[in-house]
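What follows is a set of notes on a single structure, which appears directly below.
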Amino acid sequence: MNFIGRIFFTSRLIMKVYDFLEIEKKWQQYWDEHKTFKVPDETSKPKYYVLDMFPYPSGAGLHVGHPEGYTATDIICRYKRMKGFNVLHPMGWDAFGLPAERYAMRTGTHPRVTTQKNIDNFRRQIKSLGFSYDWDREIDTTDPGYYKWTQWIFLQLFKKGLAYLHESPVNFCPTCRTVLANEEVYSGRCDQGHEVIRKPMRQWMLRITAYADRLMNDLDEVDWPESIKKLQRDWIGRSEGAEVDFLISPDDQIRAWGKGCEVEAWKSNRRTSKWPESPESYTLRIYTTRPDTLYGATYMVLSPEHPLVEKIVTPERRQAVLDYCAQARNKSDLERTELSKEKTGEFTGAYAVNPVNGKPIPIWVADYVLISYGTGAIMAVPAHDQRDWEFATKFNLPIIQVIEGGEIGSQAYEGDGRLINSESPVSTSINGLNVSDAKKKITAWLEEHGIGKTAVKYKLRDWLFSRQRYWGEPFPILFDEQGNPTPVDESELPVALPELADFQPAKTGESPLANAEDWLIVKRDGRTYRRDTNTMPQWAGSCWYYLRYLDPKNNNAAWDPAEEKYWMPVDLYVGGAEHAVLHLLYARFWHKVLFDLGLVSTKEPFKKLFNQGMILSFAYKDSRGAYVNFNDIDFSGDKPKSKTTGEVLVESIEKMSKSLGNVINPDDVVAEYGADTLRLYEMAMGPLQATKPWNTRDLSGVHRFLHRVWRMIIDVDSGELHSSIQDVEPGEDELRLLHKTIKKVGDDIEGMNFNTAISAMIIFVNEMLNKPVKSKSTMEKFVQILSPFAPHISEELWRKLGHTDTLAYEAWPKYDQALAEDASVEVPVQVNGKVRSRLVVPADVDEETLKQLALADERVKESIGDKQVRKVIIAKRRLVNLVIG
RNA sequence: GCCGAAGUGGCGGAAUUGGCAGACGCGCGGGAUUCAAAAUCCCGUUCUGGCAACAGAGUGUGGGUUCGAUUCCCACCUUCGGCACCA
C-alpha cells in the first residue's frame with residue numbers, strides 16, 4: 001500500500017460511514033439473544049398469521065428467489081407488529097425428498113446427515129437476512145416428533161375410509177425406481193427427466209375425489225388470485241352430463257354370456273326397475289356431456305383397459321383387439337402423448353343398440369378414451385366432437401349431423417344450433433330444439449325409462465399416495481399374512497424409519513425399507529405382521545405444517561385446539577405459483593378432512609394467497625451457443641466479453657440455473673452490500689407478483705439510498721447524531737412531506753406494492769438529506785417506517801436517536817390526511833387535449849375560479865386565438881380542458 | 001390446440017374512478033471536489049427538428065368509444081406461464 005492509499009484507508013476507519021457488516025451482525029445477535037420475535041403468549045391482541053411456503057433445504061443453498069417472498073412477508077409482519085397485532089411468523093423445513101436419498105445411494109451417507117447439514121446452511125443463510133421469524137417454532141418434517149403426527153393424520157384418513165389400497169397400473173420411473181402420481185409426470189417423464197412406464201402395483205390411494213365438490217365450491221370463500229382459483233377449478237374439472245346405458249346387441253350377448261336379451265324386453269324391464277347402480281353384464285354404460293347428440297352416435301369406444309373388451313370381442317377380431325390392448329397397456333405415458341396426434345383403434349366385432357332409435361352401432365376399442373375418466377366408455381358422435389370426427393374419418397365410420405351449423409365435411413361442429421335428424425318411433429323427438437332444451441328433454445326421457453341419468457364427473461383423480469423410497473414418512477400400517485391392512489396403535493407412533501446401511505431399493509421393486517429385516521416383521525398378540533414398506537410422498541409433510549407451527553413442541557397432540565382457534569386461518573400465505581395446484585389442493589383436502597373430524601375450526605386453511613413472481617437472470621452465450629459463466633465474463637466494456645477468447649457475448653434473460661452459469665448467490669450479495677440492501681433491492685425490482693430479471697448493477701441504487709439515510713441522520717466524522725437534527729417542531733414543508741410519506745408507505749405495504757413504497761422513501765431522503773435543520777421527531781418517524789424494509793440500519797439509527805429498546809414494537813406513526821395532501825397543486829390547462837399552460841392553485845380551489853384562471857391565462861388566450869370556446873371540462877385538482885372550434 | 005398473465009425510454013419499472021406518460025432507480029453525458037482515482041454532490045437524459053423558446057410524434061399493431069385512452073371495447077401480433085384426447 002502506498003502512502004496515499006494508507007491515508008485513505010485510515011480516513012475510512014475514522015469516518016463513521018454506514019458500516020452494514022458490523023450493524024447487521026450486531027442486531028441479528030441482539031434479536032437472537034433477546035428473543036425479540038418470540039410470539040408472546042397472549043390472546044388479547046388481534047392476531048395475524050403470516051406464512052411462507054417452507055423450503056426444501058437443497059444442497060445448493062438459498063437462491064435469491066427465496067428471500068423475495070420472505071422479505072415481503074417479513075415487511076408485512078414487522079408492519080403488523082407496529083400496528084398492534086400479535087403476529088405469528090414461523091419457518092421450517094420440508095426436508096424429506098429424493099435428492100438426499102440419491103446422495104445416500106451414491107455415497108452411503110445417511111439422508112439424515114445430508115439433510116441436517118443442508119438445514120443448518122439454510123438456517124444460517126435465512127438468519128443472515130434478518131427476518132423476524134420466531135425460531136422457537138422451527139419445524140422439520142423429517143423429525144420423528146413431527147412425522148409422528150403426519151402418520152397420525154394418515155390414520156385418521158384411513159379410519160374414515162379415505163385411504164384405501166388399490167392395485168392398478170401406476171406411473172413408474174425405472175431409473176428412480178419409484179412410483180409417481182399423475183401430476184408428477186410431465187409429458188411422460190419424471191422430474192429428473194427419465195422416461196416413465198406403467199406398472200401394476202398395490203398402492204395407497206387417498207379419496208380426494210370425495211371432496212371434489214367442496215374443494216371447488218369453497219374457493220369462493222378465499223381471497224386468492226382469480227387465476228389460481230381458475231387453475232384449481234380446471235384441475236378439479238367438474239362436468240355435468242348424463243350416463244346412458246346401451247344394450248349390447250343380442251347376438252354378441254349370446255356369444256359372450258350364452259344368453260340373449262331382446263332390446264324391447266330390456267327397455268320395458270328398465271322402465272319398471274328404473275336405473276340400476278351398476279349395469280347388467282350385457283349393458284355398456286357410457287358418460288356424455290352431450291346427451292342431445294344421442295341420435296348422432298354412430299359408434300361406441302371402449303378404452304383398452306375396459307373389462308368388457310375381452311367379453312364382447314368376436315373370435316375373428318380377438319387377436320387384433322387383444323394385441324392392441326396389450327400394446328396400449330405397455331405404452332409409456334410418453335409414447336401415449338407423443339402419438340396422440342394420430343388416432344388408433346380396433347373394431348371389436350360387437351355392436352350396441354342405441355336406446356333412442358334401436359339401431360345397432362359398432363363397438364370399437366381405442367386409446368383416446370381413458371379408463372380413468374367417466375365410465376371408460378363413450379358414445380362417439382363424429383359430427384359434433386372433433387376427436388370422434390378424426391377417428392371416424394380415419395376409419396371410414398358414418399357421420400350423422402344432428403345439429404344445424406358448421407361444415408361437417410371439414411370438421412366437427414361443437415356449437416349450438418337447431419336439432420335435426422333426431423326422432424324415432426321408439427322414443428321421443430328432439431328435432432327443432434336448441435342444444436340446451438334438447439339435453440333436458442332427452443335426459444328426462446332417459447330417466448323416465450331407466451336408461452340414463454344425469455351425472456356429474458370430475459377430472460380430479462384419487463391421489464396416489466405411496467412411494468417406494470426410504471426418505472419419507474413410513475405408513476403406520478401392518479399387513480397380516482393374508483395381506484389385510486391393520487393400523488398401528490396410536491400409542492406406537494411414530495413408526496420411525498429403520499437404520500440402514502444400504503439405500504438401494506429392494507430387488508422386488510419395493511422400497512429400501514423391505515431390506516430392514518428387524519424392522520419389517522412384527523408380532524402382535526402372537527400373530528406375525530409385515531410392515532408397509534412404502535413411504536409417503538413429499539406432499540404429506542407440507543399438507544399440515546401450518547398447523548404444527550401453532551404448537552410445535554406438543555407431544556400429546558398434533559396441536560392444542562385453543563391455539564388453533566386463536567390463530568387459524570392463515571391470514572396471508574406467500575409462495576411461488578408452481579404450487580398453485582398440487583400443494584394447495586392437497587393441503588386444502590387434508591384441512592377439510594380435519595374440519596370434518598372437528599380438529600380444526602375453519603373450512604379453509606389459507607385466507608389470502610399471494611404468488612410471488614420468479615426472479616430471472618441474464619445469461620450469456622458465445623457464437624457456438626454455449627453458455628458462459630459469469631466468472632468468465634469481462635463486463636468492463638460496453639459489451640460483455642469472454643475472458644478467455646475476448647469474443648462479444650449475446651445476452652438473454654433466463655431462469656437461474658447452474659448449467660447456464662447465471663445463478664446469484666445471496667451470500668455474495670450480503671457480503672458485498674449487506675442484508676438490508678438485498679432486501680430493499682428485491683422489493684424495489686418491481687411488483688412482487690411479476691417475473692423480473694435480477695440485475696446486480698441496480699443494487700447500487702438502493703445501497704446508495706441507505707448510505708444517504710445514514711448521512712441524513714449521522715455525522716460521519718463523529719459517528720454521532722448529525723447537528724442538523726434538533727428537538728424542534730417540524731416546519732410545514734417537512735411535515736407535509738413526512739405525512740405524505742407515512743401514508744404512502746403504509747398504504748403500499750397494505751397493498752403489497754413494496755416497490756413504490758421504497759420510491760416514496762427515496763424521495764423523502766433526497767428531499768431531507770441536506771436540510772440544515774431537521775426535526776428529531778421527523779427523523780424518528782422516518783426510521784420507523786423504514787424499519788420493516790431495512791430493519792438493521794433502522795435499529796441502529798433508532799439507538800443513535802436515543803432509544804434503548806428495539807423499535808420492532810414501536811407504534812406505526814399516524815398521519816394526518818390534511819397534511820398528507822399538498823397545499824397547492826399544479827393544474828395543466830389543455831386546449832383541445834394539448835397542454836398549453838399550467839396553473840398553480842390552492843388545492844381546494846373551486847371549479848368556477850379554476851375556469852376563470854384558465855381563460856385568463858396569457859398562453860391559453862394565445863392558443864385559443866379568435867376561435868370560440870365550445871366547452872370547458874374541469875377535473876377537480878387534476879386538469880382543465882378547453883374545447884375550441 | 002385450449003386457458004391464464006403480460007407488452008411503456010438504452011434497462012428495471014411508475015402513473016387514483018379514463019385526466020400532465022415516463023415517478024423512483026440503473027446506465028449514460030456534462031460539471032464540482034481531487035495531484036489523480038474511488039466515494040460523494042450538482043445539472044441533463046423518450047424520440048425527431050431547433051442555439052433556444054418551442055413544435056411535432058410517442059405506451060406491441062390496426063380500428064372504435066370519448067372533450068380526453070397506457071387505462072374501456074373489437075380484431076390481430078409477440079413473449080412468458082399452465083394444461084393437454086377428461087367424452
Side-chain angles (χ1 to χ4, degrees), chain A residues 4-5 8 12 15 17 183 186-187 225-228 230-231 234-235 237-239 241 286-290 293 301 303 336-337 339-341 343 366-370 372-381 384-388 390-391 457-461 577-578 580-581 613-614 616 618 638 653 655 680-681 684-687 689-705 707-708 711 716 753 755-763 766 769-770 826-835 838 870-885:
Chain A
I4 303 292
F8 161 69
R12 242 197 102 125
M15 297 237 307
V17 295
E183 43 273 36
Y186 311 96
S187 58
E226 276 309 314
S227 58
I228 300 291
K230 191 172 184 316
L231 277 175
D234 289 351
W235 189 268
R238 182 190 151 97
S239 78
I286 59 100
Y287 172 70
T288 179
T289 54
R290 298 293 304 274
T293 60
V301 185
S303 103
R336 276 204 173 187
T337 319
L339 299 172
S340 68
K341 285 143 217 152
K343 296 276 183 293
D367 67 0
Y368 81 92
V369 172
L370 310 174
S372 48
Y373 185 76
T375 60
I378 62 158
M379 65 171 196
V381 185
H384 305 292
D385 181 289
Q386 187 59 25
R387 295 155 302 184
D388 297 343
E390 284 163 15
F391 191 83
K457 299 285 174 197
Y458 300 93
K459 282 205 286 194
L460 184 70
R461 312 283 157 79
E578 66 272 22
V581 177
M614 209 188 320
L616 306 178
F618 292 107
D638 3 322
I653 293 173
K655 283 186 191 175
L680 226 34
Y681 174 63
M685 286 173 86
Q689 66 273 23
T691 301
K692 43 210 177 283
W694 178 276
N695 193 347
T696 299
R697 199 175 66 182
D698 289 348
L699 273 161
S700 59
V702 284
H703 191 62
R704 278 177 208 160
F705 163 66
H707 272 283
R708 289 200 298 275
R711 280 187 286 113
V716 292
N753 300 312
N755 51 334
T756 48
I758 291 168
S759 138
M761 291 189 285
I762 293 175
I763 292 169
N766 289 351
L769 182 61
N770 292 318
E826 193 186 69
V827 177
V829 182
Q830 297 182 337
V831 176
N832 280 355
K834 289 203 187 293
V835 179
R838 291 165 199 283
R870 299 197 180 277
K871 205 170 170 186
V872 180
I873 288 134
I874 294 176
K876 225 182 161 194
R877 269 193 270 176
R878 323 262 312 160
L879 147 148
V880 178
N881 188 12
L882 306 172
V883 183
I884 63 167

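To find a chain, count down the sequence lines: A is the first, B the second, and so on, and within it residues start at 1. As a basis for the values below, the full set of heavy atoms in this structure was taken, side chains included, without hydrogen atoms, waters or symmetry mates. For clarity, every value in this text was computed on a predicted model and none was experimentally measured.
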Which nucleotide, [options], lies nearest any side-chain atom of [X]?
X: Asn766(A); options: G25(B), G81(B), C3(B); value: G25(B)
X: Ile378(A); options: C20(B), C41(B), A87(B); value: A87(B)
X: Glu826(A); options: C67(B), C20(B), C41(B); value: C20(B)
X: Arg711(A); options: C41(B), C24(B), G19(B); value: C41(B)
X: Ile763(A); options: A23(B), A87(B), G56(B); value: A23(B)
X: Val883(A); options: C67(B), C41(B), G27(B); value: C67(B)
X: Ser759(A); options: C41(B), C24(B), C20(B); value: C24(B)

Looking only at atom P, what distance separates A55(B) and G22(B), rounded to whole Å?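 It comes out at 16 Å once rounded to the nearest Å.
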Watson-Crick or G-U counterpart of [N], or none if no pair lies under 3.5 Å:
N: U65(B); result: none
N: G18(B); result: none
N: A38(B); result: none
N: C54(B); result: G49(B)
N: G81(B); result: C3(B)
N: U8(B); result: none
N: C28(B); result: G44(B)
N: C76(B); result: G60(B)

Using atom CG of Leu680(A) as one end and atom P of C26(B) as the other, report the distance to the nearest whole Å.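 Going from CG in Leu680(A) over to P in C26(B) covers 12 Å.
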Whole angstroms only, please: what is the NZ-C1' distance between Lys655(A) and U79(B)?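 Distance, rounded to whole Å: 14 Å.
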Run the ring-ring contact (aromatic ring centres under 6.0 Å, His included) test against Phe391(A) and tell me which residues pass, sequence neighbours left out.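 Counting only residues at least two positions away or on another chain, Phe391(A) forms a ring-ring contact (aromatic ring centres under 6.0 Å, His included) with Tyr299(A), Trp364(A), Tyr368(A), Phe395(A).
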Sequence-distant partners of Tyr681(A), ring-ring contact (aromatic ring centres under 6.0 Å, His included), two or more places apart: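 Tyr681(A) satisfies ring-ring contact (aromatic ring centres under 6.0 Å, His included) with Trp694(A) once adjacent residues are dropped.
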Please tell me if [X] has a side-chain N or O lying less than 4.0 Å from either OP1 or OP2 of [N].
X: Asn881(A); N: U66(B); result: no
X: Lys834(A); N: A57(B); result: yes
X: Arg704(A); N: U40(B); result: yes

Does the protein touch nucleotides 8-16 of chain B at the base, only the backbone, or not at all? Give it as B, S and - per nucleotide, heavy atoms under 4.0 Å. --B-SSS-B
